[in-house]
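So you know, we letter chains A, B, ... as the sequences are listed, proteins then strands, and number each from 1.
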2 protein chains.
Amino acid sequence: MAQHAIERVSANKSFGGWVSRFTHYSEVLDCDMTFGIYLPPQAEEERVPLLWWLSGLTCTDENFMQKAGAQKLAAELGIAIICPDTSPRGTDLPGEHERFDFGSGAGFYVNATREPWSRHYRMYDYVTRELPELIREHFPLNGREAISGHSMGGHGALVCALRQPGRYVSVSAFSPVCHPVNCPWGEQAFSHYLGDDRALWAEYDACALIRAGTSRQPLLVEQGEDDNFLDEQLQPGELERTCQECDHELTLNYRPGYDHSYFFVASFIDDHLRYHARYLQAE
Amino acid sequence: MAQHAIERVSANKSFGGWVSRFTHYSEVLDCDMTFGIYLPPQAEEERVPLLWWLSGLTCTDENFMQKAGAQKLAAELGIAIICPDTSPRGTDLPGEHERFDFGSGAGFYVNATREPWSRHYRMYDYVTRELPELIREHFPLNGREAISGHSMGGHGALVCALRQPGRYVSVSAFSPVCHPVNCPWGEQAFSHYLGDDRALWAEYDACALIRAGTSRQPLLVEQGEDDNFLDEQLQPGELERTCQECDHELTLNYRPGYDHSYFFVASFIDDHLRYHARYLQAE
């Protein structure tokens, strides 16, 4: 297989490792994309495991690297972290840049089937197929991968893991959109990207996927109790109910006083890194 | 003394404490200002010590709180952190918003004496007098204060401490502008704010203040070796030489591979918090 070109945009030393940003042409999305990757110091000597981090609405590849404070423990544990962007970039489809919850910065990790979105908005294939192949070519990774994310990216992490049993050794999410087929953000995005076919919507809904029963991988979810989006958009109660009814293992930590921000993510990211490390480093 | 009003803009729970932003009218600067403060969980029960963080060029009160990852250890140690803004805001003086190294976002922690800057640009008095009085009225602080900062703010921290012996229990700096009277950033700013009087410039120059010998407080300085601004703007070698000649205690840590970014600050902020904690918590 031919090497796919990537170009380094920046590199910052961080806790003995490196936070780097790269651009590349994405065939799946038909546009240039940027991603960030943290390589811990161990990556200079050996191949390391990888945590995928999928970000939320309005974010780019940079938010997590700058705000989550994950590098310190990732360096200790020897875990690489990759942060894809949240949508295709550099395109200008009708209405693409008008709303924060749809279009640019809001790809929702689905493969759009409806024109004009289907030309570019294929973030599910990008984060599960094209980008993984690309980074395996370029970085010293050992093939063990976990996945997590925040808000829209928490939804993405749950969906990526539930749809691909065995693909990630562990999955977690912060403040995920648990039931997008039945909340305003999800309805807005899915109706544009996927049209009217509700059966297709269900393929990108954590609760529906749990009911479908394809995967029985345990879920770890962190949720701030003072999150402004809790009841209307995120609906962790629906996830809890679904997991109970389907006997799907779920650890759902409600955190009093915490909101939807990266201050919340930073406060608990070390717990999640240690959780993933147990699976990533299992013999 | 009458209570000076402050208005809360936001509050985010962070490691059991709170990152909050407040606005207030500054008499010294004659404009509305915003600052950020982190109160650790201990502040709900008792008065806590305080670390001042002065930020660098182009920053606001938000950069450190979002990017330095200091809250985790500050919560453990029970230290509050205050982040002032880096210049007056909401004003529109000629040329104020044209350059990144002068005017808005670049107050350099001096009291301007030259028109029109002297009407607003009095950041030294703001961070050493007005803002300290204000926060003592509003927050559960115990009166023990340390100071640190980055780049232009590292310069500010060194100058604030060296000019006021005994005022801060400890002082440190990341990538400070060590000798502003003799570097392009400093010359640009000081000539506008202070005019031609080089004796006045010397009152805001760490190396000149060490030679003047007002304070003999030990200095802790962190410096990335791959910092783009190292030789032309920051000149830690000049600080080292001055401290040697004047027998002024300096710990200057050069860090190979690190640059000028907050990824560098984050990598070593815990070392500085522990350093300040030893002084802030001394019996």
Chain B contacts, top residue of Ala75(A), Gly257(A), Pro256(A) (heavy-atom pairs, under 4.5 Å)
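Ranked by contacts with chain B, first place is Gly257(A).
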Taking Ser14(A), Gly69(A), Ala11(A) one by one, which has the highest count of heavy-atom pairs under 4.5 Å against chain B?
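Maximum pair count with chain B is reached by Ser14(A).
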Does anything in residues 222-229 of chain A reach chain B? List residues with heavy atoms under 4.5 Å apart, or say none.
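Counting heavy atoms that sit under 4.5 Å from chain B, no residue of residues 222-229 of chain A is involved.
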Give me the one residue out of Arg144(B), His276(B), His272(B), Glu145(B) that meets side-chain hydrogen bond (donor to acceptor under 3.5 Å, both in side chains) with Ser170(B).
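Only one of Arg144(B), His276(B), His272(B), Glu145(B) forms a side-chain hydrogen bond (donor to acceptor under 3.5 Å, both in side chains) with Ser170(B), namely His276(B).
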Side chain, backbone, both or neither: which part of Asn12(A) has an atom under 4.5 Å from a heavy atom of chain B?
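Interface part for Asn12(A): both.
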Using the six-membered ring wherever Trp is involved, compare the ring planes of Tyr258(A) and Phe268(A) and label them parallel, tilted or perpendicular (cut-offs 30° and 60°).
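Perpendicular.
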For residues 69-84 of chain B, which residue pairs qualify under side-chain hydrogen bond (donor to acceptor under 3.5 Å, both in side chains), counting only residues two or more places apart or in two chains?
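Pairs touching residues 69-84 of chain B that pass the test: Asp270(A)-Lys72(B).
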Chain A contact via Tyr262(B) - side chain, backbone, both or neither, heavy atoms under 4.5 Å:
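Interface part for Tyr262(B): neither.
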Check each atom of Ala68(B) against the heavy atoms of chain A and say whether the ones under 4.5 Å are side chain, backbone, both or neither.
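Neither part.
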Does His150(B) have its ring centroid less than 6.0 Å away from the ring centroid of Phe64(B)?
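For His150(B) and Phe64(B), the ring centres are not under 6.0 Å apart.
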Do the two ring centres, one from Phe174(A) and one from Trp53(A), sit under 6.0 Å apart?
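Yes, close enough.
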So, taking the atom named OG in Ser175(B) and the one named CZ in Arg255(B), what distance separates them when rounded to the nearest 0.5 Å?
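Nearest 0.5 Å value for the OG-CZ distance: 11.5 Å.
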Please determine whether the number of non-hydrogen atoms from other residues, nucleotides or ligands lying under 6.0 Å from atom CD of Glu7(B) exceeds 12.
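No, CD of Glu7(B) has 12 or fewer neighbouring heavy atoms, counting only those of other groups under 6.0 Å.
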Can you tell me if Ser87(A) and Ser104(A) form a side-chain donor-acceptor pair at under 3.5 Å?
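Distance-only check fails for Ser87(A) and Ser104(A).
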